[in-house]
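Worksheet: one structure, shown below.
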Amino acid sequence: MGSINNVVLKTEMPDVGIPKRGKVRDIYDLGDSMLLIATDRISAFDVVLPNGIPGKGRVLTQISIYWFRQMEDIVKNHLIATDVNDFPDILMKYREMLEGRSMLVKKARPMPVECIVRGYLTGSGWKEYKERNTVCGIRLRKGLVESERLEEPIFAPSTKAEEGHDIDISFDEMAGIIGMETAGRLRELSLRIYKTAREMALNKGIIVADTKFEFGLYNGEPILIDEVLTPDSSRFWSVKDYSPGRAQDSFDKQIVRDYLLTLVWDKTPPGPVLPDEIVRKTAERYREIMEILTS
């Protein structure tokens, strides 16, 4: 099953099928549904690293399930079942591996764009603002500082790259790919979900600085798919430690990125093996944000 010291790096279920493997997820086609398994793989700079983070897949899955349920009044999602007891019989022999890290989901047609919402001036948005006073081509007032909360969240779509980096696109470019009506609907849903999540998280002492959503079409309607508001798809900051004017400490794999930046590595495969201490600290960080958000 690709498990090393309780770390699931790769799933093997020969009688179920050959999975499509993403950076983190293994996806099995079950005919009228799909099985999504979040492994413990971790990627940085678009390279999957040799060793994983214990429990990471379970953290991502449990946080996603929590948010899918919270957002059901805004948009439907792809969940069919999250309890292994409700999975098809053919999966029962793999119960131990699947428990807590898998979701049985509807077969939606994934939209070929990612829907990013930026609520704070950070990351590539901050870099663009310093150069041009814009974020994703949207002009902002002068004088903003790093990590400052934006007056209104910005919708910033991107392409979905199978390999390498996604590419930021304008709303009009997005509309050219999926149609104006669908693009407008995804923008509206993305902003509503983000604003709802931001307020809920603030009540728990967490700032959602930015996040990305994926949607699919199911019976002609857009539904929320993949993962939602996890440390892999979002930037989470602590309210009590928040201080505009500098970079913030994030509840995500920043520990891994920071370590890798100390190495002589050209950011191409194969990636370096992470030291035990970096793995331990990252695992703790993931568990901490899960406990805060889902409590």
Tell me whether Arg198 contacts the main-chain N or O of Gly119 through its side chain, where contact means a donor paired with an acceptor under 3.5 Å. no
Arg58 and Glu99 ion-paired at < 4.0 Å: no
Would Ile74 and Met71 count as a side-chain contact (heavy atoms from CB on, under 4.5 Å) here? Give the steps. CA-CA 5 Å; Ile74 296 174; Met71 300 303 162; 3.9 Å; yes
Do Arg118 and Pro153 come within less than 4.5 Å of each other through their side chains, counting heavy atoms only? no
Are the side chain of Glu128 and the backbone N or O of Gly125 linked by a donor-acceptor pair below 3.5 Å? no
Quick one, Lys23 and Arg41 - any side-chain contact, counting heavy atoms below 4.5 Å? no
Test item: Thr82 and Arg69 side chains (from C-beta on) under 4.5 Å apart, heavy atoms: yes
Are the side chains of Leu140 and Asn133 in contact, using a 4.5 Å heavy-atom criterion? no
If you look at every heavy atom in Lys107 and Asp32, which pair is closest and at what distance? CD-C, 4.4 Å
From the list Arg21, Lys10, Lys20, salt bridge (Lys or Arg N to Asp or Glu O under 4.0 Å) with Asp26 holds only for Arg21
Nearest heavy-atom contact between Phe155 and Val117 is CD1-CG2, 4.4 Å
Do you know the tightest heavy-atom contact between Arg139 and Arg132? NH1-O, 3.3 Å
Given 3.5 Å as the limit, does a donor-acceptor pair link the side chain of Asp40 with the main chain of Val8, or not? yes
Cation-pi between Arg187 and Phe171: NZ/CZ under 6.0 Å from ring centre and within 45° of the ring axis? yes
Side-chain donor-acceptor contact under 3.5 Å, Asn85 with Arg95: yes
Tyr286 and Asp232: side chain donor to acceptor below 3.5 Å: yes
Counting only heavy atoms not in Asp83, do more than 12 sit closer than 6.0 Å to its CG atom? yes
Could you tell me if Asp168 and Ser158 have a donor-acceptor pair between their side chains, going purely by distance under 3.5 Å? no
NZ/Lys76: more than 12 non-hydrogen atoms of other groups inside 6.0 Å: no
Nearest heavy-atom approach of Phe236 to Leu293 is CZ-CD1, 3.9 Å
Test side-chain contact (heavy atoms from CB on, under 4.5 Å) applied to Ile178 and Val113, step by step: CA-CA 8 Å; Ile178 62 173; Val113 292; 4.2 Å; yes
Atom CD1 of residue position Ile18 - does it have more than 12 heavy atoms of other residues, nucleotides or ligands inside 6.0 Å? no
Consider only side-chain N and O atoms of Gln248 and Ser147, and report whether a donor and an acceptor are under 3.5 Å apart. yes
Under 30°, 30 to 60°, or over 60°: which ring-plane class applies to Tyr242 and Trp237, parallel, tilted or perpendicular? parallel
Of all heavy-atom pairs between Pro231 and Ile289, which one has the smallest distance, and what is that distance? CG-CG2, 3.5 Å
What verdict does the side-chain contact (heavy atoms from CB on, under 4.5 Å) test give for Lys56 and Val24, after you've listed the backbone C-alpha separation in whole Å, the side-chain angles of each residue and the deciding distance to 0.1 Å? CA-CA 10 Å; Lys56 176 176 177 280; Val24 173; 3.6 Å; yes
Are Arg25 and Glu227 within salt-bridge range, i.e. N to O under 4.0 Å? yes
Yes or no on side-chain contact (heavy atoms from CB on, under 4.5 Å) for Ile177 and Met174, after CA distance, side-chain angles and deciding distance? CA-CA 5 Å; Ile177 296 170; Met174 175 184 176; 5.6 Å; no
Contacts satisfying side chain to side chain donor-acceptor pair (under 3.5 Å) that involve residues 255-269 (not counting sequence neighbours) are Gln254-Arg257, Gln254-Asp258, Asp266-Thr268
Does the pair Arg185/Glu188 count as a salt bridge with the N-to-O cut at 4.0 Å? yes
Pair Glu284 + Arg280, salt bridge at N-O below 4.0 Å: yes
For Ser233 and Leu229, which heavy atoms make the closest approach, and how far apart are they? OG-N, 3.5 Å
Sequence neighbours excluded, every pair satisfying side chain to side chain donor-acceptor pair (under 3.5 Å) that has a member inside residues 173-182: Ser170-Glu173
Give a yes or no on whether the backbone of Arg235 and the side-chain of Ser250 come within a donor-acceptor separation of less than 3.5 Å. no
Could you walk me through whether Arg141 and Glu151 pass the salt bridge (Lys or Arg N to Asp or Glu O under 4.0 Å) check? CA-CA 10 Å; Arg141 64 179 174 82; Glu151 291 174 13; 3.1 Å; yes
Do Arg285 side-chain atoms and Asp252 backbone N/O form a donor-acceptor pair below 3.5 Å? no
Can you tell me how far OG of Ser64 sits from CG of Asn77, rounded to the nearest 0.5 angstrom? 10.0 Å
Check side chain to side chain contact (heavy atoms under 4.5 Å, CB included) between Pro14 and all other residues, then give those that pass, not counting sequence neighbours. Tyr94
